[in-house]
There are 2 protein chains.
Amino acid sequence: MTMLNKDQILQLLEARDGRALRDLWRGRSAVDIAALLDTVEDPRRQAALFRTLPKKAAADVFAYLPGPTQARLAASFAEGELQELFDGLQPDDAADLLEELPADLVDRILRAASPQRRMAVNALLRYPADSAGGIMTPEFVSLHPGDTVRQALDTIRRTGIHRETVYTCYVLERRQLLGCVSAVDLLTAEESAAVTDLMTADTVSVGTLTDREEAARLLAKYDLLALPVLDGEGRMVGIVTVDDAMDVLAEEAAEDLTIMAAVTPDERPYFAASAWEHARRRLLWLLILMLSAAVTGAIITRYEDAISAVPLLVAFLPMLMDTGGNCGSQSATLVIRGLALEEIRPRDLFRVVRKELAVSLIVSAVLAAANGLRILLQYRDGAIALVISLSLAATVVLAKLVGCVLPIAAKRLRMDPAIMASPLITTIVDAGAVLIYFRTAAALLRLTV
Amino acid sequence: MTMLNKDQILQLLEARDGRALRDLWRGRSAVDIAALLDTVEDPRRQAALFRTLPKKAAADVFAYLPGPTQARLAASFAEGELQELFDGLQPDDAADLLEELPADLVDRILRAASPQRRMAVNALLRYPADSAGGIMTPEFVSLHPGDTVRQALDTIRRTGIHRETVYTCYVLERRQLLGCVSAVDLLTAEESAAVTDLMTADTVSVGTLTDREEAARLLAKYDLLALPVLDGEGRMVGIVTVDDAMDVLAEEAAEDLTIMAAVTPDERPYFAASAWEHARRRLLWLLILMLSAAVTGAIITRYEDAISAVPLLVAFLPMLMDTGGNCGSQSATLVIRGLALEEIRPRDLFRVVRKELAVSLIVSAVLAAANGLRILLQYRDGAIALVISLSLAATVVLAKLVGCVLPIAAKRLRMDPAIMASPLITTIVDAGAVLIYFRTAAALLRLTV
């Protein structure tokens, strides 16, 4: 594919050469046009450029623009233009657009829309954005149980506008889902065959209020192109399509990663947020964790006499605290990932604790031996080597247990386990590590504390 | 969907009630049958149960089993059985199976396969597992530029075995890709129309050696059901399908997450690995990081006199080191994520540094103020408060710079940026933080060092 050239395009716009622009747009993917449009910073030129798009492509391009750009663009449109754009969007994208617009504009657009469309969009607006209902599209191919293959293919031809939504057809009776049949099965079957003979009856489905991440995972697990969504009365009201499911999984993974690094999540790309916004997203947890670290500080002040007597003790604090933090975050990360993939369930708590205990005994033995040896060689002080090795071993066990228990506990309390990642675990384990260390030192080195 | 009951199924197997078992399997998803089969621990019962599957379903179920289970199951099969199974698999799954089997068995199976099949599977085996060639399937619908819609639909009917692979058809001339046309476009067009009139000419494609993650991202970005793969001479040799792309993205995300927590990645679920294996995957980095922390320890020993003079200084070490580590890992995580999503390119180094510098100035001002205030209130010691606040501010700036530079540097050196995450950043920043802290303290408190 040849690239779109932004400078050339802006020159053509300047020269008001609409024909050359239309030629450029022809055959281009809506994704690429949207990406280019999003880089045009001047709102007027952006809107002017958008207006040169062929009517058919405009809605597709618009659907691929980020929310804030959509809102800004929509604000510069006349109401008639907005109406036309709105009618061209798929219902789920139309609902997303309405969520970005001011309320009075939304009212006027909905009033002017066809009753059918208004109903479809309104229904979508009712569901939370993070639910299967919030990401589904109400457009799908529904067949009658009495249909033949020929009738089914005709139905596909009639409803088949958007390609993601027609390759799986659903057989409904009084809006209840009887089963599904794929377009390829219809294509390869005799035209006179009954769809019920081709149909798979045992169909995976979700409710409108099912978490969107769970819906996306089901779709991935069963290699589906679309997943039916049922309302509270078991009536089929829409489908989640595979392209939306992929986006959901990517967003959720990025969100988890961000939370695990103690950053408030934000969908926007790195450079799209200002330094102030970046700082705001990072300060909350930094402040909480910084003030929590005062607990560890307070513990240390209780052992000032020991420190004065053997200042060398302080030299091993970073190693001890870092190793504790690393061990804890290893366990926490594996457990958070296991919970997200449903390999680990909250009721597996004791199985996880048993496994982490076994792992931590092996790990602590190896680390304590390696470290004891290093200290013996470096400082030729057996007592210090013993204190460090014992403290290290106990810290590793503590860290791994805290690291595996907290995410599961969070899940049980219906909190996001991703919060219980490296930063928080490190802060908690630090206090324990310092306490273990100075107590061990005091006992073995016979220090007064 | 009703669940499959393992106990009931094992009882039926015990009773050799093949008919009841076949009834149970009917209409079940291959995914669910594979999941159940994988939980049967006794290899003989597992193989016996697998043999009760209908011929048509067996290959599908097999394809959903994890690699090690496939290998174990395959080992218990007679050669004829294995041959039959091999012939039922899609070429990409067949190639995956061969990679799990001993070499002599692979030779015998390939010799007995049809020449066409042997060629297809051999071709796949040539590509690295992490390339587009390694995950593609050579089965796709190829049309001639002179075809009509009717001929195209006939071609779909003839090749349409596997549903993922038929919904996008490719128009080839001398094996070069001219464009693609979707099944829904074919279905809704006049039967006498020419496929070249419906075709999209500007088609996204990748090379056989393109990284599989990049291929999967392209597929997600353009909302495709399949992505064409071209060889070095530009001939189309296969497609990457959306279901495989979803799996790739999930695996790559999990791998990044694991590396970022200083754990050697492993595809297996949490409980599938033994405690020894878990320990082995975690020890390498723990040892490296633990021994690196000795540098920070060595720096501290140089300031033993200062510590003896003002033991209170030690109390603020955990807060300082933790905040530095947290700030660094925030920046590192955002940059690693930005690099993975290609929002940040290696050449953006200075743009990133400028942004992180701005963010770190805001963050350090807020944190230093909050912390200075707390220390003033708690210890009523202005000099100490000043030392801590200044050291903290400098540490935050250092941490954010190290956190953003190292992942980009790793990318430039063609290393995995995910290595430059929280654990390594923390260890590096610790040394800097301690140095800054004691130097500041020595200067402001007029300590002799």
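Computed from a predicted model, the values in this text were never measured in an experiment. Residue numbers start from 1 in every chain, and the chains themselves are labelled A, B, ... in the order their sequence lines are given, proteins ahead of strands.
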Heavy-atom distances under 4.5 Å only: say whether [X] touches chain A with side chain, backbone, both or neither.
{"X": "Leu291(B)", "value": "side chain"}
{"X": "Ser274(B)", "value": "backbone"}
{"X": "Asp322(B)", "value": "side chain"}
{"X": "Phe316(B)", "value": "neither"}
{"X": "Met321(B)", "value": "side chain"}
{"X": "Ser422(B)", "value": "side chain"}
{"X": "Asp154(B)", "value": "neither"}
{"X": "Ala183(B)", "value": "both"}
{"X": "Ala332(B)", "value": "neither"}

(request) Apply ring-ring contact (aromatic ring centres under 6.0 Å, His included) to Tyr64(A) and list each qualifying residue two or more places apart in sequence or on a separate chain. (result) none
(request) Taking ring-ring contact (aromatic ring centres under 6.0 Å, His included) as the test, write out the residues that go with Phe271(B), two or more places apart. (result) none
(message) Any heavy-atom pair between the side chains of Thr333(B) and Thr258(A) that's under 4.5 Å?
(response) no
(message) Can you confirm whether Leu289(A) sits close enough to Thr323(B) that some side-chain heavy atom of one is under 4.5 Å from a side-chain heavy atom of the other?
(response) no
